[in-house]
Student: 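Just dropping this structure here.
For this chain, numbers begin at 1 and follow the sequence in order. Numbering of ligands and ligand atoms starts at 1, following listing order.
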Amino acid sequence: MSAVRTLLLLPLGLLALQASLCHAACVEVDSDTEAEVDKGFKLGCISCKMRGEVPATASVDWSFKAKHEVEYTKIYSYENEVGEVLDWRFQDRLHWNGSKKTTDLQDGSIYMLNVTYNDTGIYKCTFTRKLTFSSSPAFHTTTIKNITINVVPGITRGMASILSEVMMYVSIIGLQFWLVVEMVYCYRKIAAAGEEALRESAAEYLAIASESKDNCAGVQVAE
Ligand SMILES: *[C@@H]1O[C@H](CO)[C@@H](O)[C@H](O)[C@H]1NC(C)=O
Ligand SMILES: *[C@@H]1O[C@H](CO)[C@@H](O)[C@H](O)[C@H]1NC(C)=O
Ligand SMILES: *[C@@H]1O[C@H](CO)[C@@H](O)[C@H](O)[C@H]1NC(C)=O
């Protein structure tokens, strides 16, 4: 089962490898939105720098609004390669998962440990970028992304994904079974046709043989 999965994932892996070899082009992938309770979860937030050649620095702030709250609360901030958790609810549970060893951030993702149902809500990721042009004053841009996170119980680990996997095996096995049935059917049909032909030719042979026997008899009689 796992071998099949590996085989299926191989092209994806190659694609990812190719993407990373192509000088790590920045792609703004949307974050997952379903977090499993008690597990870790990566809050993804990528903001690509539009002008790759312009030197820049960026800081990232994360805010959170729980399901029944009306206002956002700052929960995490990352600047100058230092991250800080700003809300007691997330104390020791948030870790930087974004761009490393640079202040020119493009990936502002964070990793949340031990997800609880209380983590359900909207997360706001804010990129504050300072672009430095040689000829003009620094230019500031702000990019905001909202991510709505739903916390789900562990078992429903995508019922859809389990179902589709089962359907995949059913269709593979079903197709092979059908192939075997078809082969047996064809083989028997061919065999039957062969037998029929054999019987026919045998009958013909017998007919000829008896005829020639008659002839022979005739010849014998004549002798
Ligand atoms: C997360 O859960 C594990 C296992 O239940 C526990 O050992 C760990 O201390 C928890 N970490 C945090 C930051 O709550
Ligand atoms: C994200 O952070 C978690 C927890 O610190 C770590 O286990 C994981 O490897 C990190 N992933 C990336 C891509 O940095
Ligand atoms: C979730 O929030 C409720 C109400 O604020 C609190 O009583 C409860 O202890 C929290 N649960 C967890 C796992 O933090």
Student: In the structure I gave you, are the side-chain heavy atoms of I144 and K124 within less than 4.5 Å of one another anywhere?
Tutor: yes
Student: Please check whether K42 reaches ligand 2 - meaning an N/O of the residue sits under 3.5 Å from an N/O of the ligand, judged on distance alone.
Tutor: no
Student: In a check of salt bridge (Lys or Arg N to Asp or Glu O under 4.0 Å) between D104 and each of K49, K130, R51, which one passes?
Tutor: K49
Student: Is there any disulfide bond (SG atoms under 2.5 Å apart) pair reaching into residues 57-127, and which pairs are they, with sequence neighbours excluded?
Tutor: C45-C125
Student: Side chains of residues 187-201: which donor-acceptor pairs under 3.5 Å do they make with residues two or more places apart or in other chains?
Tutor:
{"unit_1": "E196", "atom_1": "OE1", "unit_2": "R199", "atom_2": "NH1", "d": "3.2"}
{"unit_1": "S201", "atom_1": "OG", "unit_2": "A197", "atom_2": "O", "d": "3.2"}
{"unit_1": "S201", "atom_1": "OG", "unit_2": "L198", "atom_2": "O", "d": "2.9"}

Student: Taking only distance into account, with no hydrogens and no angle test, what donor-acceptor pairs under 3.5 Å do side-chain atoms of residues 76-92 form with protein atoms, sequence neighbours excluded?
Tutor:
{"unit_1": "D87", "atom_1": "OD1", "unit_2": "R89", "atom_2": "N", "d": "2.8"}
{"unit_1": "D87", "atom_1": "OD1", "unit_2": "R89", "atom_2": "NE", "d": "3.1"}
{"unit_1": "D87", "atom_1": "OD2", "unit_2": "R89", "atom_2": "NH2", "d": "3.2"}
{"unit_1": "R89", "atom_1": "NH1", "unit_2": "E69", "atom_2": "OE2", "d": "3.2"}

Student: Show which atoms of ligand 2 fall inside a sub-4.0 Å distance from at least one heavy-atom site of H95.
Tutor: 5 (O)
Student: Please determine if N97 has a nitrogen or oxygen closer than 3.5 Å to a nitrogen or oxygen of ligand 2.
Tutor: yes
Student: I want to check something: taking the side chain as every heavy atom from C-beta on, are I149 and D119 in contact at a cut-off of under 4.5 Å?
Tutor: no
Student: I'd like a table of the close N/O pairs between ligand 3 and the protein (anything under 3.5 Å), one pair per line with both atom names and the distance.
Tutor:
{"unit_1": "ligand 3", "atom_1": "2 (O)", "unit_2": "N118", "atom_2": "OD1", "d": "3.3"}
{"unit_1": "ligand 3", "atom_1": "2 (O)", "unit_2": "N118", "atom_2": "ND2", "d": "2.2"}
{"unit_1": "ligand 3", "atom_1": "11 (N)", "unit_2": "N118", "atom_2": "ND2", "d": "2.9"}
{"unit_1": "ligand 3", "atom_1": "14 (O)", "unit_2": "N118", "atom_2": "ND2", "d": "3.3"}

Student: Distance alone, cut at 3.5 Å: any donor-acceptor contact between the side chains of D107 and S109?
Tutor: yes
